[in-house]
Amino acid sequence: MEMTRVRPAGAESARTDAFDNSVASGRLRRAPENFLSREEITQVSQGRRDFLRSSFLAAGAALAGAAASAPQALAQNAGDDAILTPQPWATTLGQPVASNPYGQPSRFERALARRQSPGLTQTTAASVSFCPLQGLFGIITPSGLHFERHHQGWYDVDPAKHRFMVNGARPEFVKTPKVYTLDDLMRLPPVSRMHFIECGANTGMEWGNVAVPTVQYTHGMLSCSEFTGVPLRTLLEDCGADLSKARFVLAEGGDGSAMTRTIPIEPVLSGEVLVAYGQNGEMLRPENGYPLRLVVPGVQGVSWVKWLRRIEVGDRPYATKDEAVHYIDLMPDGQHRQYTSIQECKSVITTPSGGQTLLDKGYHTISGLAWSGRGKVKRVDVSMDGGLTWVEATLQTPVLSKCLTRFTAPWVWDGRPAILQSRATDETGFVQPTYGQLRAARGTRSIYHNNAIQSWKVTESGEVSNVQIL
């Protein structure tokens with residue numbers, strides 16, 4: 001484990017957008033996959049994490065030799081045989097049309113996959129799988145790589161048997177309680193919106209110190225999709241809900257974990273909250289709550305109740321088991337803070353990031369993701385020296401409210417050690433905190449809502465690792 005201290009950032013930010021054609025483009029080696037054995041995962045489960053970095057570097061050593069030898073081999077030959085010699089795919093017939101009725105990724109990309117938590121939970125049915133952020137482009141997460149968090153495993157529910165009910169805590173809250181089939185909901189005018197979803201425990205293992213090596217494990221309980229469904233407000237109005245008296249709604253899932261969450265009425269009234277059946281242009285995946293889930297933009301993922309079966313309208317928080325003793329913040333004085341559901345402004349560099357290796361000096365593009373549960377990302381600054389100086393990154397379009405935003409920044413690596421960071425600012429003016437600032441307010445014993453600045457250390461050999469800077 002490694003923790004580095006630097007003085008607080010004080011330099012003015014500069015803006016650099018131009019690509020410097022006078023420098024060579026650097027190459028990057030991907031982070032190795034499956035670097036933990038079953039025995040090592042058991043050790044992580046028991047609290048031992050000191051061996052993680054050495055195991056990770058050993059897993060990457062096999063990739064280093066082949067990648068490092070490539071430029072030398074090219075220099076010794078008159079040309080590149082891969083382009084001079086006709087390849088099989090240029091001289092033979094390809095696979096028939098629709099030979100895969102549902103398209104699959106290339107076999108050369110199979111290493112890019114969700115990975116289960118190494119030791120975060122003890123039961124596979126109530127566990128997490130992490131999204132491989134380091135290998136994604138843009139802002140939309142492929143449905144098959146969307147992170148998972150289950151409390152009693154996942155189900156592939158028969159949509160013909162699924163029902164959704166709206167009722168009131170007292171008769172005066174909802175005039176006409178109703179039960180809807182999926183067909184009933186899909187007959188109503190749909191809306192589609194792109195939003196991020198982040199588990200409240202994302203980056204939770206990093207509260208005390210460096211715990212895991214790659215961005216997939218530090219920040220991989222994060223995804224972003226286009227969701228399609230019906231605004232919850234539309235359904236409440238259809239049932240005659242008295243929205244002047246309502247203060248909260250209770251969302252209840254249909255799975256065996258009895259997942260229930262209190263949702264304030266304000267985002268419901270704004271029309272943001274959706275009863276969704278669609279994701280990225282198709283029906284929800286079973287792991288993501290098929291056939292029906294709640295979408296609550298900007299709020300921690302546990303409130304996006306899957307297999308949604310009921311909404312109850314009330315006038316007070318419900319204090320369910322998963323909001324009274326779970327998904328709460330442990331404060332430095334030992335007290336628990338409840339109902340802090342909004343995911344505050346946050347960002348992370350996804351490349352270069354932990355486990356990757358810079359193979360050449362020269363030009364690299366730093367790329368990452370930023371998001372805020374309070375609206376749009378306004379600005380992202382990037383530092384290459386651990387927060388001593390900052391440059392303003394370019395925000396790639398679209399920049400949407402409560403949605404992932406892709407940022408990029410040019411960087412010419414001179415071969416010297418570096419520490420890469422990103423710092424996001426949202427449209428409310430909130431600035432992503434350092435670990436020192438966050439721990440001053442929240443301590444080190446929490447689990448949820450860690451939005452501190454992430455640091456990646458680049459060594460002279462080009463290896464990138466997870467470090468923390470106060």
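Just the heavy atoms: all of them, side chains too, but no hydrogens, waters or symmetry mates, feed the values below.
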Step by step, would you call Gln338 with His336 a side chain to side chain donor-acceptor pair (under 3.5 Å)?
CA-CA 6 Å; Gln338 297 175 313; His336 285 138; over 6 Å; no
Quick one: does [X]'s side chain have a donor or acceptor within less than 3.5 Å of a partner on [Y]'s backbone?
X: Arg439; Y: Trp207; result: yes
X: Asn466; Y: Gln468; result: no
X: Thr444; Y: Gly208; result: no
X: Glu237; Y: Thr234; result: no
X: Glu109; Y: Ser106; result: no
X: Thr425; Y: Val431; result: no
X: Arg163; Y: Ala160; result: yes
X: Ser446; Y: Asp329; result: no
X: His449; Y: Thr340; result: yes
X: Gln104; Y: Tyr102; result: yes

Which heavy-atom pair separates [X] from [Y] by the least distance, and what is that distance?
X: Cys403; Y: Cys224; result: SG-SG, 3.6 Å
X: Ser257; Y: His151; result: CB-CB, 3.6 Å
X: Val380; Y: Ser422; result: CG1-CB, 4.2 Å
X: Leu222; Y: Phe196; result: CD1-CD1, 4.0 Å
X: Tyr290; Y: Trp307; result: O-CD1, 3.0 Å
X: Ile139; Y: Pro398; result: CD1-CG, 4.2 Å

side-chain hydrogen bond (donor to acceptor under 3.5 Å, both in side chains) partner of Ser347, the single match among Gln454, Gln432, Gln421
Gln432
So for atom [atom1], which belongs to [X], do other residues, nucleotides or ligands contribute more than 12 heavy atoms lying within a distance under 6.0 Å?
X: Arg337; atom1: CZ; value: yes
X: Lys175; atom1: NZ; value: no
X: Arg285; atom1: CZ; value: yes

State, yes or no, whether a side-chain contact exists between [X] and [Y] at a heavy-atom distance under 4.5 Å.
X: Leu369; Y: Thr405; value: no
X: Thr218; Y: Phe130; value: no
X: Pro267; Y: Val299; value: no
X: Val391; Y: Met384; value: yes

Please list, chain by chain and in numerical order, all residues satisfying side-chain hydrogen bond (donor to acceptor under 3.5 Å, both in side chains) with Glu198, sequence neighbours excluded.
Asn202, Gln343, Lys346, Trp371
How long is the gap from [atom1] on [X] to [atom2] on [Y], to the nearest 0.5 Å?
X: Lys306; Y: Tyr155; atom1: NZ; atom2: OH; answer: 11.0 Å
X: Phe173; Y: Arg247; atom1: CZ; atom2: CZ; answer: 8.5 Å
X: Ser225; Y: His195; atom1: OG; atom2: NE2; answer: 11.0 Å
X: Met165; Y: Leu308; atom1: CE; atom2: CG; answer: 11.0 Å
X: Ile419; Y: Ile469; atom1: CD1; atom2: CD1; answer: 3.5 Å
X: Leu330; Y: Tyr448; atom1: CG; atom2: OH; answer: 11.0 Å

Please evaluate residues Phe407 and Val377 with respect to the criterion side chain to side chain contact (heavy atoms under 4.5 Å, CB included), reporting the C-alpha separation (whole Å), side-chain torsions for both, the decisive distance (0.1 Å), and the verdict.
CA-CA 10 Å; Phe407 65 86; Val377 171; over 6 Å; no
Parallel, tilted or perpendicular, judged at 30° and 60°: which one describes the rings of Trp411 and His364?
tilted
Could you go through the side chain to side chain contact (heavy atoms under 4.5 Å, CB included) check for Val128 and Cys199 one step at a time?
CA-CA 10 Å; Val128 176; Cys199 179; 5.8 Å; no
Qualifying salt bridge (charged side-chain N to carboxylate O under 4.0 Å, His left out) pairs, either residue in residues 251-270, two or more places apart:
Glu252-Arg309, Glu252-Arg310, Arg261-Glu323
Inter- and intrachain pairs under salt bridge (charged side-chain N to carboxylate O under 4.0 Å, His left out), touching residues 200-229, at least two apart
none
Does the pair Ser353 and Gln134 meet the rule for a side chain to side chain donor-acceptor pair (under 3.5 Å), with working shown?
CA-CA 7 Å; Ser353 62; Gln134 71 280 358; over 6 Å; no
For [X], enumerate each residue passing the ring pair (Phe, Tyr, Trp, His ring centres under 6.0 Å) test, keeping only those at least two apart in sequence or located in another chain.
X: Phe227; answer: Trp304
X: Phe430; answer: none
X: Trp456; answer: none

Side chains of [X] and [Y], donor plus acceptor under 3.5 Å:
X: Asp322; Y: Thr320; value: no
X: Asp238; Y: Tyr180; value: yes
X: Arg406; Y: Thr350; value: yes

In sequence, state the C-alpha distance, the side-chain angles, and the governing distance for Thr228 and Tyr277, and then conclude on side chain to side chain contact (heavy atoms under 4.5 Å, CB included).
CA-CA 6 Å; Thr228 300; Tyr277 46 79; 4.2 Å; yes
Asp426 and Lys378: CA distance, side-chain angles, deciding distance, side chain to side chain contact (heavy atoms under 4.5 Å, CB included) verdict:
CA-CA 5 Å; Asp426 67 19; Lys378 181 180 179 181; 5.7 Å; no
Are Glu172 and Arg170 within salt-bridge range, i.e. N to O under 4.0 Å?
yes
